[in-house]
Amino acid sequence: MSNSKQAVPDTLPLLRDRIDSIDSQIQMLINERARCAQKVAEVKLAEQGDESVVFYRPEREAQVLRRVMERNEGPLGNEEMAKIFRQVMSSCLALEKPMRIAFLGPEGTFTQQAALKHFGKSIISAPMAAIDEVFREVESGAANYGVVPVENSTEGVVNHTLDSFRDSRLKICGEVEERIHHHLLVSPNVNADDVTHIYSHQQSLAQCRAWLDRYWPHVERVAVSSNAEAARLAAEAGRSGRAIAAIAGEVACELYGLLKVSANIEDRPDNTTRFLIVGNEDVPPSGKDKTSLLISAKNEPGALYRLLEAFERHGVDMTRLETRPSLMSRWGYIFYIDFVGHHLDEGCSAVIEELRERASEVKVLGSYPVAVL
(Lines give C-alpha, C1' and ligand atoms only; values in the text may rest on other atoms or scores of the structure.)
Protein backbone atom coordinates (compact mmCIF):
# COMPACT_ATOMS: atom_id res chain seq x y z
CA MET A 1 0.00 0.00 0.00
CA SER A 2 1.38 3.42 -0.98
CA ASN A 3 2.20 5.89 1.83
CA SER A 4 1.83 8.88 -0.51
CA LYS A 5 -0.93 11.26 0.52
CA GLN A 6 -4.03 11.24 -1.57
CA ALA A 7 -5.03 14.64 -3.00
CA VAL A 8 -8.10 15.94 -1.20
CA PRO A 9 -10.78 16.74 -3.78
CA ASP A 10 -12.19 20.27 -3.78
CA THR A 11 -15.57 20.55 -2.15
CA LEU A 12 -17.84 23.56 -1.84
CA PRO A 13 -17.14 24.05 1.92
CA LEU A 14 -13.37 23.80 1.35
CA LEU A 15 -13.48 26.29 -1.54
CA ARG A 16 -15.53 28.72 0.53
CA ASP A 17 -13.09 28.42 3.44
CA ARG A 18 -10.24 29.17 1.04
CA ILE A 19 -12.06 32.22 -0.34
CA ASP A 20 -12.67 33.47 3.21
CA SER A 21 -8.98 33.09 4.00
CA ILE A 22 -7.94 34.93 0.82
CA ASP A 23 -10.44 37.71 1.56
CA SER A 24 -8.94 38.14 5.00
CA GLN A 25 -5.44 38.48 3.50
CA ILE A 26 -6.64 40.96 0.87
CA GLN A 27 -8.35 43.08 3.52
CA MET A 28 -5.22 43.10 5.67
CA LEU A 29 -3.04 44.15 2.73
CA ILE A 30 -5.45 46.90 1.63
CA ASN A 31 -5.35 48.39 5.12
CA GLU A 32 -1.57 48.10 5.14
CA ARG A 33 -1.50 50.02 1.85
CA ALA A 34 -3.85 52.63 3.32
CA ARG A 35 -1.56 53.14 6.33
CA CYS A 36 1.38 53.55 3.95
CA ALA A 37 -0.62 56.19 2.00
CA GLN A 38 -1.21 58.05 5.28
CA LYS A 39 2.55 58.03 5.89
CA VAL A 40 3.07 59.48 2.40
CA ALA A 41 0.69 62.31 3.30
CA GLU A 42 2.58 63.00 6.51
CA VAL A 43 5.92 63.17 4.68
CA LYS A 44 4.50 65.49 2.00
CA LEU A 45 3.02 67.82 4.63
CA ALA A 46 6.31 67.92 6.53
CA GLU A 47 8.33 68.67 3.39
CA GLN A 48 5.94 70.97 1.48
CA GLY A 49 3.54 72.47 4.04
CA ASP A 50 -0.24 72.75 3.94
CA GLU A 51 -0.44 75.40 1.21
CA SER A 52 1.73 73.83 -1.51
CA VAL A 53 1.27 70.11 -0.90
CA VAL A 54 -0.12 68.11 -3.84
CA PHE A 55 -1.49 64.68 -2.94
CA TYR A 56 -2.80 63.59 -6.33
CA ARG A 57 -0.12 62.84 -8.93
CA PRO A 58 -1.61 61.88 -12.33
CA GLU A 59 1.67 60.56 -13.72
CA ARG A 60 2.25 58.35 -10.67
CA GLU A 61 -1.26 56.86 -10.80
CA ALA A 62 -0.95 56.18 -14.54
CA GLN A 63 2.35 54.37 -13.95
CA VAL A 64 0.84 52.24 -11.17
CA LEU A 65 -2.19 51.26 -13.26
CA ARG A 66 -0.03 50.39 -16.27
CA ARG A 67 2.09 48.09 -14.09
CA VAL A 68 -1.08 46.46 -12.73
CA MET A 69 -2.17 45.65 -16.27
CA GLU A 70 1.29 44.50 -17.37
CA ARG A 71 1.71 41.98 -14.55
CA ASN A 72 -1.87 40.72 -14.59
CA GLU A 73 -2.07 36.98 -15.27
CA GLY A 74 -5.88 36.57 -15.27
CA PRO A 75 -8.47 35.18 -15.19
CA LEU A 76 -9.68 38.75 -14.56
CA GLY A 77 -9.05 40.97 -17.59
CA ASN A 78 -6.48 43.77 -17.50
CA GLU A 79 -9.03 46.58 -17.44
CA GLU A 80 -11.14 44.91 -14.78
CA MET A 81 -8.08 44.42 -12.57
CA ALA A 82 -7.02 48.04 -13.12
CA LYS A 83 -10.51 49.26 -12.11
CA ILE A 84 -10.20 47.41 -8.81
CA PHE A 85 -6.83 49.03 -8.11
CA ARG A 86 -8.22 52.38 -9.27
CA GLN A 87 -10.80 52.25 -6.45
CA VAL A 88 -8.24 51.09 -3.89
CA MET A 89 -6.06 54.06 -4.83
CA SER A 90 -9.06 56.40 -4.69
CA SER A 91 -9.97 55.24 -1.18
CA CYS A 92 -6.37 55.58 0.01
CA LEU A 93 -6.05 59.06 -1.50
CA ALA A 94 -9.26 60.12 0.24
CA LEU A 95 -7.54 59.33 3.57
CA GLU A 96 -4.91 61.91 2.67
CA LYS A 97 -7.38 64.52 1.44
CA PRO A 98 -10.73 63.90 -0.35
CA MET A 99 -10.74 65.68 -3.72
CA ARG A 100 -13.59 67.84 -4.98
CA ILE A 101 -14.12 67.21 -8.70
CA ALA A 102 -16.22 69.58 -10.80
CA PHE A 103 -17.89 68.13 -13.89
CA LEU A 104 -20.46 69.07 -16.50
CA GLY A 105 -23.71 68.15 -14.77
CA PRO A 106 -26.28 67.39 -13.71
CA GLU A 107 -25.61 64.27 -11.67
CA GLY A 108 -25.92 61.09 -13.69
CA THR A 109 -24.30 62.36 -16.90
CA PHE A 110 -21.61 60.55 -18.87
CA THR A 111 -19.21 63.26 -17.70
CA GLN A 112 -19.78 62.18 -14.10
CA GLN A 113 -19.30 58.58 -15.23
CA ALA A 114 -15.93 59.62 -16.73
CA ALA A 115 -14.98 61.44 -13.50
CA LEU A 116 -15.69 58.32 -11.42
CA LYS A 117 -13.79 56.15 -13.89
CA HIS A 118 -10.72 58.40 -13.68
CA PHE A 119 -10.69 59.32 -9.97
CA GLY A 120 -12.64 56.44 -8.41
CA LYS A 121 -15.70 56.80 -6.23
CA SER A 122 -14.00 58.26 -3.13
CA ILE A 123 -14.34 61.85 -4.32
CA ILE A 124 -16.67 64.77 -3.67
CA SER A 125 -18.66 65.25 -6.89
CA ALA A 126 -19.59 68.81 -7.88
CA PRO A 127 -21.96 69.05 -10.89
CA MET A 128 -21.81 72.31 -12.85
CA ALA A 129 -24.42 73.70 -15.24
CA ALA A 130 -21.97 74.61 -18.03
CA ILE A 131 -18.43 73.90 -19.23
CA ASP A 132 -17.18 77.43 -18.45
CA GLU A 133 -18.48 76.99 -14.89
CA VAL A 134 -16.31 73.87 -14.52
CA PHE A 135 -13.29 75.95 -15.56
CA ARG A 136 -14.16 78.76 -13.12
CA GLU A 137 -14.69 76.32 -10.25
CA VAL A 138 -11.18 74.88 -10.70
CA GLU A 139 -9.54 78.27 -11.37
CA SER A 140 -10.99 79.65 -8.13
CA GLY A 141 -9.67 76.71 -6.12
CA ALA A 142 -13.19 75.59 -5.14
CA ALA A 143 -12.52 72.28 -6.94
CA ASN A 144 -9.25 70.38 -7.23
CA TYR A 145 -9.90 69.25 -10.81
CA GLY A 146 -12.56 69.46 -13.49
CA VAL A 147 -13.83 66.98 -16.08
CA VAL A 148 -15.18 68.19 -19.44
CA PRO A 149 -16.02 66.44 -22.73
CA VAL A 150 -13.81 67.34 -25.68
CA GLU A 151 -14.76 65.03 -28.57
CA ASN A 152 -17.04 62.18 -29.57
CA SER A 153 -16.17 59.55 -32.15
CA THR A 154 -19.46 60.06 -34.03
CA GLU A 155 -20.45 63.66 -33.26
CA GLY A 156 -17.02 65.32 -33.42
CA VAL A 157 -15.36 67.99 -31.28
CA VAL A 158 -16.98 69.89 -28.38
CA ASN A 159 -16.26 73.47 -29.44
CA HIS A 160 -17.20 75.02 -26.11
CA THR A 161 -14.45 73.07 -24.36
CA LEU A 162 -11.79 74.10 -26.88
CA ASP A 163 -12.88 77.74 -26.70
CA SER A 164 -12.65 77.70 -22.89
CA PHE A 165 -8.87 77.16 -23.07
CA ARG A 166 -8.24 80.47 -24.86
CA ASP A 167 -8.28 82.68 -21.79
CA SER A 168 -7.87 80.04 -19.09
CA ARG A 169 -4.67 79.39 -17.16
CA LEU A 170 -5.75 75.81 -16.41
CA LYS A 171 -3.68 72.88 -17.63
CA ILE A 172 -4.84 69.58 -19.09
CA CYS A 173 -3.78 66.98 -16.49
CA GLY A 174 -5.29 63.83 -17.94
CA GLU A 175 -7.77 62.26 -20.32
CA VAL A 176 -10.51 59.63 -20.11
CA GLU A 177 -11.99 57.63 -22.94
CA GLU A 178 -15.47 56.40 -22.13
CA ARG A 179 -17.37 53.94 -24.33
CA ILE A 180 -20.87 55.41 -24.51
CA HIS A 181 -23.53 52.80 -23.79
CA HIS A 182 -27.16 53.90 -23.86
CA HIS A 183 -29.88 51.98 -22.00
CA LEU A 184 -33.66 52.21 -22.25
CA LEU A 185 -34.81 52.74 -18.65
CA VAL A 186 -38.13 52.80 -16.80
CA SER A 187 -39.28 53.22 -13.22
CA PRO A 188 -39.66 49.89 -11.34
CA ASN A 189 -43.45 50.30 -11.12
CA VAL A 190 -43.89 50.97 -14.86
CA ASN A 191 -44.80 48.28 -17.39
CA ALA A 192 -42.62 48.79 -20.46
CA ASP A 193 -45.54 47.94 -22.75
CA ASP A 194 -47.39 51.01 -21.44
CA VAL A 195 -44.63 53.53 -22.29
CA THR A 196 -46.00 56.54 -24.20
CA HIS A 197 -42.91 58.78 -24.42
CA ILE A 198 -39.14 58.26 -24.51
CA TYR A 199 -37.03 61.12 -23.08
CA SER A 200 -33.34 61.76 -23.72
CA HIS A 201 -30.82 64.33 -24.92
CA GLN A 202 -31.18 65.04 -28.64
CA GLN A 203 -27.69 63.64 -29.32
CA SER A 204 -28.55 60.36 -27.59
CA LEU A 205 -31.84 60.10 -29.49
CA ALA A 206 -29.84 60.52 -32.71
CA GLN A 207 -27.29 57.90 -31.65
CA CYS A 208 -30.10 55.37 -31.02
CA ARG A 209 -32.35 56.34 -33.95
CA ALA A 210 -32.10 53.06 -35.91
CA TRP A 211 -32.76 50.94 -32.81
CA LEU A 212 -35.73 53.10 -31.82
CA ASP A 213 -37.12 53.00 -35.37
CA ARG A 214 -36.98 49.22 -35.30
CA TYR A 215 -38.30 48.44 -31.82
CA TRP A 216 -40.24 51.55 -30.69
CA PRO A 217 -41.36 53.24 -33.94
CA HIS A 218 -44.71 54.55 -32.64
CA VAL A 219 -43.57 55.97 -29.29
CA GLU A 220 -43.03 59.74 -29.17
CA ARG A 221 -39.44 60.89 -28.57
CA VAL A 222 -38.86 63.97 -26.45
CA ALA A 223 -35.54 65.83 -26.36
CA VAL A 224 -34.50 67.22 -22.95
CA SER A 225 -31.40 69.02 -21.61
CA SER A 226 -29.45 65.87 -20.65
CA ASN A 227 -29.71 62.11 -20.28
CA ALA A 228 -29.60 62.54 -16.51
CA GLU A 229 -32.58 64.90 -16.66
CA ALA A 230 -34.42 62.31 -18.77
CA ALA A 231 -33.74 59.67 -16.10
CA ARG A 232 -34.95 62.03 -13.35
CA LEU A 233 -38.15 62.75 -15.26
CA ALA A 234 -38.77 59.03 -15.85
CA ALA A 235 -38.34 58.29 -12.15
CA GLU A 236 -40.62 61.19 -11.20
CA ALA A 237 -43.27 60.12 -13.73
CA GLY A 238 -43.17 56.55 -12.46
CA ARG A 239 -43.99 57.70 -8.93
CA SER A 240 -47.11 59.45 -10.24
CA GLY A 241 -48.20 56.48 -12.38
CA ARG A 242 -47.15 57.84 -15.79
CA ALA A 243 -45.33 55.47 -18.16
CA ILE A 244 -42.30 57.38 -19.43
CA ALA A 245 -38.98 55.81 -20.47
CA ALA A 246 -35.56 57.41 -20.60
CA ILE A 247 -32.40 56.77 -22.58
CA ALA A 248 -29.40 57.22 -20.29
CA GLY A 249 -26.22 55.60 -18.99
CA GLU A 250 -25.27 53.37 -16.07
CA VAL A 251 -24.71 56.14 -13.51
CA ALA A 252 -28.10 57.73 -14.17
CA CYS A 253 -29.75 54.30 -13.95
CA GLU A 254 -28.25 53.69 -10.50
CA LEU A 255 -28.77 57.26 -9.28
CA TYR A 256 -32.51 57.30 -9.98
CA GLY A 257 -33.23 53.64 -9.23
CA LEU A 258 -34.46 52.75 -12.72
CA LEU A 259 -34.69 49.37 -14.44
CA LYS A 260 -33.16 48.47 -17.79
CA VAL A 261 -35.71 47.49 -20.42
CA SER A 262 -32.91 47.11 -22.99
CA ALA A 263 -29.16 47.63 -22.59
CA ASN A 264 -26.59 48.98 -25.06
CA ILE A 265 -29.11 50.25 -27.61
CA GLU A 266 -26.70 52.65 -29.37
CA ASP A 267 -26.53 52.19 -33.16
CA ARG A 268 -22.71 52.24 -33.16
CA PRO A 269 -21.14 49.99 -30.50
CA ASP A 270 -17.80 51.79 -30.88
CA ASN A 271 -19.31 55.16 -29.90
CA THR A 272 -16.70 56.74 -27.58
CA THR A 273 -16.33 60.13 -25.92
CA ARG A 274 -13.02 61.60 -24.84
CA PHE A 275 -12.96 63.74 -21.70
CA LEU A 276 -10.21 66.03 -20.38
CA ILE A 277 -9.10 66.48 -16.78
CA VAL A 278 -8.23 70.14 -16.09
CA GLY A 279 -6.27 71.43 -13.11
CA ASN A 280 -3.78 74.02 -11.94
CA GLU A 281 -0.54 72.01 -11.95
CA ASP A 282 1.82 70.86 -14.69
CA VAL A 283 2.15 67.08 -14.88
CA PRO A 284 5.64 65.50 -15.04
CA PRO A 285 6.35 62.79 -17.66
CA SER A 286 4.77 59.38 -17.01
CA GLY A 287 6.54 57.52 -19.81
CA LYS A 288 3.52 57.41 -22.11
CA ASP A 289 2.14 60.90 -22.60
CA LYS A 290 0.25 63.22 -24.89
CA THR A 291 0.56 67.00 -25.33
CA SER A 292 -2.05 69.56 -26.43
CA LEU A 293 -1.23 72.95 -27.97
CA LEU A 294 -3.15 76.07 -28.90
CA ILE A 295 -1.54 77.85 -31.88
CA SER A 296 -2.41 81.15 -33.52
CA ALA A 297 -0.87 81.09 -37.00
CA LYS A 298 0.38 84.09 -38.93
CA ASN A 299 -1.95 85.07 -41.77
CA GLU A 300 0.39 84.35 -44.67
CA PRO A 301 0.70 81.77 -47.49
CA GLY A 302 2.00 78.38 -46.34
CA ALA A 303 1.64 79.19 -42.63
CA LEU A 304 -0.10 75.93 -41.72
CA TYR A 305 2.29 73.86 -43.84
CA ARG A 306 5.29 75.31 -42.04
CA LEU A 307 3.71 74.51 -38.67
CA LEU A 308 2.99 70.89 -39.57
CA GLU A 309 6.35 70.37 -41.27
CA ALA A 310 8.12 70.67 -37.91
CA PHE A 311 6.31 67.57 -36.61
CA GLU A 312 7.36 65.47 -39.60
CA ARG A 313 10.98 66.57 -39.46
CA HIS A 314 11.38 65.75 -35.76
CA GLY A 315 9.45 62.48 -35.99
CA VAL A 316 6.68 63.59 -33.61
CA ASP A 317 3.30 61.89 -34.14
CA MET A 318 0.49 64.46 -34.40
CA THR A 319 -2.83 62.80 -33.50
CA ARG A 320 -5.36 65.61 -33.86
CA LEU A 321 -5.79 69.00 -35.56
CA GLU A 322 -8.84 71.20 -34.97
CA THR A 323 -9.56 74.70 -36.25
CA ARG A 324 -11.57 77.41 -34.48
CA PRO A 325 -12.21 81.11 -35.32
CA SER A 326 -9.73 83.31 -33.48
CA LEU A 327 -12.28 86.03 -32.56
CA MET A 328 -9.36 88.48 -32.73
CA SER A 329 -9.41 89.15 -36.47
CA ARG A 330 -11.77 88.59 -39.34
CA TRP A 331 -11.16 85.16 -40.93
CA GLY A 332 -8.36 84.50 -38.44
CA TYR A 333 -8.05 81.00 -36.98
CA ILE A 334 -6.65 79.16 -34.00
CA PHE A 335 -5.36 75.60 -34.27
CA TYR A 336 -5.65 72.98 -31.53
CA ILE A 337 -3.07 70.22 -31.92
CA ASP A 338 -2.52 66.97 -29.99
CA PHE A 339 0.66 64.95 -30.38
CA VAL A 340 2.30 61.93 -28.77
CA GLY A 341 4.94 62.73 -26.16
CA HIS A 342 5.62 65.12 -23.28
CA HIS A 343 6.62 68.73 -23.91
CA LEU A 344 9.82 68.07 -21.93
CA ASP A 345 10.86 65.24 -24.29
CA GLU A 346 13.74 66.26 -26.55
CA GLY A 347 11.92 65.92 -29.89
CA CYS A 348 8.72 67.49 -28.60
CA SER A 349 10.48 70.49 -27.07
CA ALA A 350 12.32 71.05 -30.37
CA VAL A 351 8.99 71.09 -32.24
CA ILE A 352 7.51 73.58 -29.79
CA GLU A 353 10.51 75.91 -30.11
CA GLU A 354 10.20 75.91 -33.90
CA LEU A 355 6.46 76.56 -33.66
CA ARG A 356 7.11 79.59 -31.45
CA GLU A 357 9.36 81.03 -34.18
CA ARG A 358 6.74 80.48 -36.90
CA ALA A 359 3.43 81.25 -35.14
CA SER A 360 1.94 84.35 -33.56
CA GLU A 361 1.20 82.44 -30.35
CA VAL A 362 1.92 78.97 -29.01
CA LYS A 363 0.28 77.94 -25.74
CA VAL A 364 1.04 74.56 -24.18
CA LEU A 365 -2.33 73.47 -22.80
CA GLY A 366 -0.72 70.56 -21.01
CA SER A 367 1.22 67.32 -21.19
CA TYR A 368 -0.54 64.41 -19.52
CA PRO A 369 -0.66 60.59 -19.35
CA VAL A 370 -2.41 58.81 -22.21
CA ALA A 371 -5.71 57.34 -20.96
CA VAL A 372 -5.10 54.04 -19.14
CA LEU A 373 -8.75 53.03 -18.60
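Quick caveat, the model's predicted, so the values are computed rather than measured.
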Does the pair [X]/[Y] count as a salt bridge with the N-to-O cut at 4.0 Å?
X	Y	value
E70	R66	no
R268	E266	no
E177	R274	no
R57	E61	no
E309	R306	no
K117	E178	yes
R100	E137	yes
D267	R214	no

Take a 6.0 Å sphere around [atom1] of [X] and say whether it holds more than 12 heavy atoms from other residues, nucleotides or ligands.
X	atom1	result
R356	CZ	yes
D167	CG	no
K363	NZ	yes

Can you find a pair of side-chain heavy atoms, one from [X] and one from [Y], that are under 4.5 Å apart?
X	Y	result
L233	V224	yes
M128	R136	no
L259	L185	no

Tell me, with the steps shown, if V176 and I277 meet side-chain contact (heavy atoms from CB on, under 4.5 Å). CA-CA 8 Å; V176 188; I277 312 300; 3.9 Å; yes
If you take the centroid of each ring, where Trp contributes its six-membered ring, are [Y] and [X] closer together than 6.0 Å?
X	Y	result
F119	Y56	yes
F103	F275	no
H182	F110	yes

List the atom of [X], the atom of [Y], and the distance in Å for their closest heavy-atom pair.
X	Y	answer
E59	S286	CB-CB, 3.7 Å
P58	P369	O-CG, 3.8 Å
Q207	T154	NE2-OG1, 3.6 Å
Y145	M99	CE1-SD, 3.9 Å
S122	S90	N-OG, 3.1 Å
V351	H314	CG2-CB, 3.6 Å

Report the relative orientation of the aromatic rings in Y199 and H197; use parallel for angles under 30°, tilted for 30 to 60°, perpendicular for over 60°. perpendicular
Quick one, S296 with S360, criterion side chain to side chain donor-acceptor pair (under 3.5 Å). Give me CA distance, side-chain angles, the key distance, then yes/no. CA-CA 5 Å; S296 179; S360 302; 4.6 Å; no
Would you say [Y] ends up clustered with [X] if hydrophobic residues are merged whenever their side chains have heavy atoms under 4.5 Å apart, either directly or through other cluster members?
X	Y	result
L162	L293	no
F339	L307	yes
I124	I101	no
V147	I123	yes

Residue pair N159, R324: steps toward the side-chain contact (heavy atoms from CB on, under 4.5 Å) verdict: CA-CA 8 Å; N159 291 325; R324 294 290 296 147; 3.4 Å; yes
So which of Q113, H181, H183 actually passes side-chain hydrogen bond (donor to acceptor under 3.5 Å, both in side chains) with E250? H183
Say whether D132 and S164, considering side chains only, have a donor N or O and an acceptor N or O under 3.5 Å apart. no
Apply side chain to side chain donor-acceptor pair (under 3.5 Å) to Q87 and S91, showing your working. CA-CA 6 Å; Q87 183 53 44; S91 298; 3.1 Å; yes
Audit row: F311, L355, side-chain contact (heavy atoms from CB on, under 4.5 Å) steps and yes/no: CA-CA 9 Å; F311 289 92; L355 294 176; 4.0 Å; yes
Verdict with supporting geometry, R86 and L116, side-chain contact (heavy atoms from CB on, under 4.5 Å): CA-CA 10 Å; R86 164 68 277 170; L116 295 173; over 6 Å; no
